Student: 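Below is a structure I'd like to ask you about.
Computation of the quantities below employed the complete heavy-atom set of this structure, encompassing side-chain atoms and omitting hydrogens, waters and symmetry-equivalent molecules. This one's a predicted model, so the numbers in the text were calculated from it and none came from an experiment. Residue numbers begin at 1 in each chain, while the letters A, B, ... track the order of the sequences.
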Number of protein chains: 2
Amino acid sequence: MAVAETDGKRRDNRRGRILDAAAVEFARSGYSATSVRDIAAAAGILPGSMYYHFASKEDLLAAVHAAGIQRIKERVRAAIETADDPWDRLEAACAAHVETLHASKDYGSVIATEFPRRHSPKLRARMIEERDDYENIFRSLIDDLPLPESTSRKYFRLALIGAMAWSIAWYRPGEDTAEEIARHIVNLFRPAAEAK
Amino acid sequence: MAVAETDGKRRDNRRGRILDAAAVEFARSGYSATSVRDIAAAAGILPGSMYYHFASKEDLLAAVHAAGIQRIKERVRAAIETADDPWDRLEAACAAHVETLHASKDYGSVIATEFPRRHSPKLRARMIEERDDYENIFRSLIDDLPLPESTSRKYFRLALIGAMAWSIAWYRPGEDTAEEIARHIVNLFRPAAEAK
DNA sequence: CCCAATCGAACAAACGCTTGCCCAAACCGG
DNA sequence: CCGGTTTGGGCAAGCGTTTGTTCGATTGGG
């Protein structure tokens, strides 16, 4: 769940802890409502010490975003390989997507709620690139689906990703599992394959 | 599009202009990245003058949220009455929803991107209440649909609203119209009615 | 001439970030 | 195995700026 522990080298431990703390705070309050002091306090260091590991607050957000995308990409890629049927592959991908979004809730929440257009051109470009790269997984999964010609694959993808992303807004722990959510959502889209 | 002009009374003109300016700034940068000075500058007044009309910055957000919800509710309610068939009514509602979300982009964007959980308990409660009230329109529209028992109406509603809300994230003016977007999305869900 | 409405100026607090200094562990030639 | 040196990491303090908000003075239409 946290990045800190998984970074073999002891050397990077502190950096990982700051990253985790930043993800938690950014997820809870949003980027601009979160102060460097908040993050430092959550990480157990003083504000100034953060700047040894990250050049700026913006750099810290970039690192959280990159780590979050990388993680969800890995999980989804791994999940896909467990199935052969195109619909099963999509369902596996969605389950992994929703699961990761809520399991490492902090990183997932940052990805789902920090809009690129609200950040500097430089960071915006990085975020969009990383997101596009990730969405390409779904692009190719959906390309493999046997859909009627009348169904727009573009809207299929956007609606699917939107429906999953929105779960961040309404999900309450203890109700349904991420797998159930993903299964329900995919089942909603599944009949679209047989439509004329 | 703007509230300012529509408020008959001259007396409320300034209040409406501040409200519009706040919606624009909140939509562009988010609540906490927007300063009272930004809003005042956009409204053509001095920062202090805002406090004659609104008790606080938070109150201003509450007013923008309420105005946005009220507007979208009116449009959707009106759109529903143009049709009798349950699916047509849903499609009309979705078209009005997406259209309003993008037409009065500022108010719509604030609704779609300001998460209640990130605000004070008082404001959070108000926002959730207003949203629930609005979502009840869709709740009853979906109750009227002839869906197979295996289809969860709850997930149907959440996925539909999520897919529409997400359009804020990817929509670029000049590509598709709001009506086309809504039609495509509803058509994706429509086959779910005939599934076993 | 009144009073709603706005201005102009200021407030304390919080902001992102920089700087100068310090300490312990790791490293490495002799 | 020693002892000097490098280096990862953190501390304490404060820089200048921006924040939300307050408030007495000022203005102008009815």
Side-chain angles (χ1 to χ4, degrees), chain A residues 2-5 7-26 28-65 110 114 118-124, chain B residues 3-4 7-26 28-65 110 114 118-124:
Chain A
V3 153
E5 334 155 345
D7 266 340
K9 297 221 184 169
R10 177 69 41 103
R11 229 186 44 258
D12 289 344
N13 208 338
R14 275 298 148 89
R15 193 191 137 97
R17 263 180 45 190
I18 297 175
L19 209 61
D20 284 346
V24 170
E25 298 302 311
F26 286 158
R28 163 161 39 213
S29 318
Y31 174 72
S32 51
T34 300
S35 71
V36 172
R37 287 166 175 82
D38 292 337
I39 298 168
I45 59 169
L46 289 191
S49 305
M50 191 216 84
Y51 287 88
Y52 176 80
H53 302 277
F54 299 92
S56 65
K57 185 189 171 190
E58 194 182 49
D59 249 49
L60 190 43
L61 174 59
V64 170
H65 189 268
V110 170
E114 288 300 328
R118 287 185 178 166
H119 298 280
S120 77
K122 213 162 210 162
L123 178 54
R124 186 188 315 154
Chain B
V3 154
D7 265 340
K9 296 218 184 169
R10 176 69 42 101
R11 206 169 85 250
D12 289 345
N13 207 339
R14 274 287 148 87
R15 194 191 138 98
R17 263 178 48 189
I18 296 174
L19 209 61
D20 284 346
V24 170
E25 297 303 312
F26 286 158
R28 163 160 42 214
S29 318
Y31 174 72
S32 51
T34 300
S35 72
V36 172
R37 285 164 178 81
D38 292 337
I39 298 168
I45 59 168
L46 289 191
S49 306
M50 192 216 82
Y51 286 87
Y52 178 79
H53 300 277
F54 299 93
S56 66
K57 184 189 171 190
E58 195 181 47
D59 249 48
L60 189 44
L61 174 59
V64 170
H65 190 267
V110 170
E114 287 302 327
R118 288 186 178 165
H119 298 280
S120 77
K122 212 163 212 161
L123 177 54
R124 187 188 314 153

Student: Can you name the residues that form a salt bridge (Lys or Arg N to Asp or Glu O under 4.0 Å) with A:Arg28, not counting sequence neighbours?
Tutor: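 Residues passing salt bridge (Lys or Arg N to Asp or Glu O under 4.0 Å) with A:Arg28: A:Glu25.
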Student: At under 4.0 Å between heavy atoms, how does the protein contact nucleotides 15-23 of chain D? Give one character per nucleotide, 5' to 3', with B, S or -.
Tutor: ----BBBB-
Student: Listing request: all side chain to side chain donor-acceptor pair (under 3.5 Å) pairs with a residue in residues 36-49 of chain B, at least two apart in sequence or in separate chains.
Tutor: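 Residue pairs with at least one partner in residues 36-49 of chain B: B:Ser35-B:Asp38.
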Student: Mind checking B:Leu46 for me? I need base, sugar-phosphate or nothing, with any heavy atom below 4.0 Å counting as a touch.
Tutor: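 Base contact.
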Student: A:Ala33: which residues meet the side chain to side chain contact (heavy atoms under 4.5 Å, CB included) condition with it, sequence neighbours left out?
Tutor: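 Result, side chain to side chain contact (heavy atoms under 4.5 Å, CB included) vs A:Ala33: A:Ser29, B:Ser32.
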Student: Rounded to whole angstrom units, what separation is found between the CG atom of A:Leu61 and the P atom of C:dG16?
Tutor: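 Rounded to whole Å, this separation is 13 Å.
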Student: Between A:His119 and A:Glu114, is any side-chain donor less than 3.5 angstrom from a side-chain acceptor?
Tutor: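 Note: A:His119 and A:Glu114 side chains meet the donor-acceptor criterion.
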Student: Can you list the residues that meet the side chain to side chain contact (heavy atoms under 4.5 Å, CB included) rule with A:Ala22, with sequence neighbours excluded?
Tutor: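 Checked A:Ala22 against side chain to side chain contact (heavy atoms under 4.5 Å, CB included); matches are A:Phe26, A:Ile39, A:Leu60, A:Val64.
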Student: Got a sec, which residues hit side chain to side chain donor-acceptor pair (under 3.5 Å) with A:Ser120, two or more places apart in sequence or on another chain?
Tutor: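 Result, side chain to side chain donor-acceptor pair (under 3.5 Å) vs A:Ser120: A:Glu58.
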Student: Between B:Arg17 (CZ) and C:dA5 (P), how many Å, whole number?
Tutor: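 That distance rounds to 14 Å.
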Student: Any side-chain N or O of B:His53 under 4.0 Å from OP1/OP2 of C:dA4?
Tutor: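 For C:dA4, neither OP1 nor OP2 has a side-chain N or O of B:His53 closer than 4.0 Å.
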Student: Just how far, in rounded Å, is P of C:dG8 from OH of B:Tyr52?
Tutor: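 So the two atoms are 18 Å apart, to the nearest Å.
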Student: In whole angstroms, how far is the C1' atom of C:dG16 from the CD1 atom of A:Ile45?
Tutor: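 Roughly 14 Å, once rounded to whole Å.
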